[in-house]
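Below is one structure, written out as structure tokens, with a few remarks after it.
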Amino acid sequence: MINLSKGQTIDLTKKEIGLKHLDVGLGWITRMDLDAIAYLLDGNDKHIETVYFGGKTSKNKSVRLSGDDLVGGGVGDNEIIYVDLDRLDSNVQKIALYANIFKFFGIGKKTFSDVKDAYIRVVNRDTKKEICKYVPAENCATCDAFHFANLVKNGSEWKFVAVGNGCNGSVDKLRKQYL
């Protein structure tokens, strides 16, 4: 397993020959409702589809969300994005992976500086082998969303890029940058 830093890239399909099925796990120990988001994009970074708590499965079922962890905390992945590389629509050239803090009335403004031990990791679903993990070191005191990583297609290969950028916005607001 390789631990990545912000900006680093790993070629998943070279590291794991024959890789077809990924589990992209997001975890955190803070008792808070974070929502995993996967934006499926074309080669020009234009939006094709979004997988999130309000639409947990892509149209062709190649990208799916495990569910919506409403409380966080605990050990292990809180939410998992399942990606079947061999079933993705050919137009999908990138999957942008985000999490945002679900906002509900009465708790005050929460930011990613309130989220402890957040991470994103990639597991080969078929072998259960963890390929890589990225634990952000950034303190996002003003951010209620975080762009963890991108899965990027390059020919027949898939790469994982640790992006690590704090941002702000709901699922819809974040999607607008790709329209």
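Residues: numbered from 1 along the sequence shown.
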Gap separating the [atom1] atom of [X] from the [atom2] atom of [Y], nearest 0.5 angstrom:
| X | Y | atom1 | atom2 | answer |
| --- | --- | --- | --- | --- |
| Glu130 | Ile2 | CD | CD1 | 11.0 Å |
| Lys94 | Leu40 | NZ | CG | 12.0 Å |
| Asp35 | Ser170 | CG | OG | 11.0 Å |

Determine whether the side chains of Asn150 and Lys159 contain a donor N or O and an acceptor N or O closer than 3.5 Å. no
Any donor-acceptor pair under 3.5 Å linking the side-chain atoms of His21 with those of Asp126? yes
Sub-3.5 Å donor-acceptor pair from the side chain of [X] to the main-chain atoms of [Y], do we have one?
| X | Y | value |
| --- | --- | --- |
| Ser58 | Ser62 | yes |
| Glu16 | Thr13 | no |
| Asp42 | Asn44 | yes |
| Lys46 | Gly43 | no |

Do [X] and [Y] belong to the same hydrophobic cluster, where Ile, Leu, Val, Met, Phe, Trp and Tyr are linked whenever their side-chain heavy atoms lie under 4.5 Å apart, directly or via other members?
| X | Y | value |
| --- | --- | --- |
| Leu65 | Ile101 | yes |
| Tyr82 | Leu19 | no |
| Val161 | Val122 | no |
| Leu22 | Val123 | no |
| Ile48 | Ile81 | yes |

With a 4.5 Å heavy-atom cut-off, do [X] and [Y] have their side chains touching?
| X | Y | result |
| --- | --- | --- |
| Asn3 | Val135 | no |
| Leu4 | Phe160 | yes |
| Arg64 | Lys56 | no |
| Leu41 | Val92 | no |
| Asn124 | Ile131 | yes |
| Arg121 | Asp77 | yes |
| Asn78 | Leu26 | no |

Between [X] and [Y], what is the shortest heavy-atom contact and its length?
| X | Y | value |
| --- | --- | --- |
| Pro136 | Ala118 | CD-O, 3.3 Å |
| Gly169 | Asn100 | O-ND2, 3.3 Å |
| Cys167 | Phe146 | SG-N, 4.0 Å |
| Leu174 | Tyr98 | CD1-CD2, 4.1 Å |
| Phe53 | Val171 | CE2-CG2, 4.2 Å |
| Asn168 | Thr142 | OD1-O, 3.0 Å |

Using the ring of each side chain (for Trp, its six-membered ring), is Tyr178 parallel, tilted or perpendicular to Tyr39, with breaks at 30° and 60°? tilted
Report the C-alpha distance between Thr9 and Asp11 in whole Å, list the side-chain angles of each, state the deciding distance to 0.1 Å, and finish with yes or no for side-chain hydrogen bond (donor to acceptor under 3.5 Å, both in side chains). CA-CA 7 Å; Thr9 300; Asp11 190 325; over 6 Å; no
Please name the residue in the list Val51, Leu85, Val83, Val152 that meets the side-chain contact (heavy atoms from CB on, under 4.5 Å) test with Ile95. Val83
Verdict with reasoning, Glu79 to Trp28, per side-chain contact (heavy atoms from CB on, under 4.5 Å): CA-CA 10 Å; Glu79 295 189 10; Trp28 59 94; 4.1 Å; yes
From CA spacing to verdict: side-chain contact (heavy atoms from CB on, under 4.5 Å), Ile120, Leu97: CA-CA 9 Å; Ile120 187 168; Leu97 302 163; 3.9 Å; yes
Salt bridge or not between Lys20 and Asp84? Use side-chain N to carboxylate O under 4.0 Å. no
Are there over 12 heavy-atom neighbours, none belonging to Lys6, within less than 6.0 Å of that residue's NZ? yes
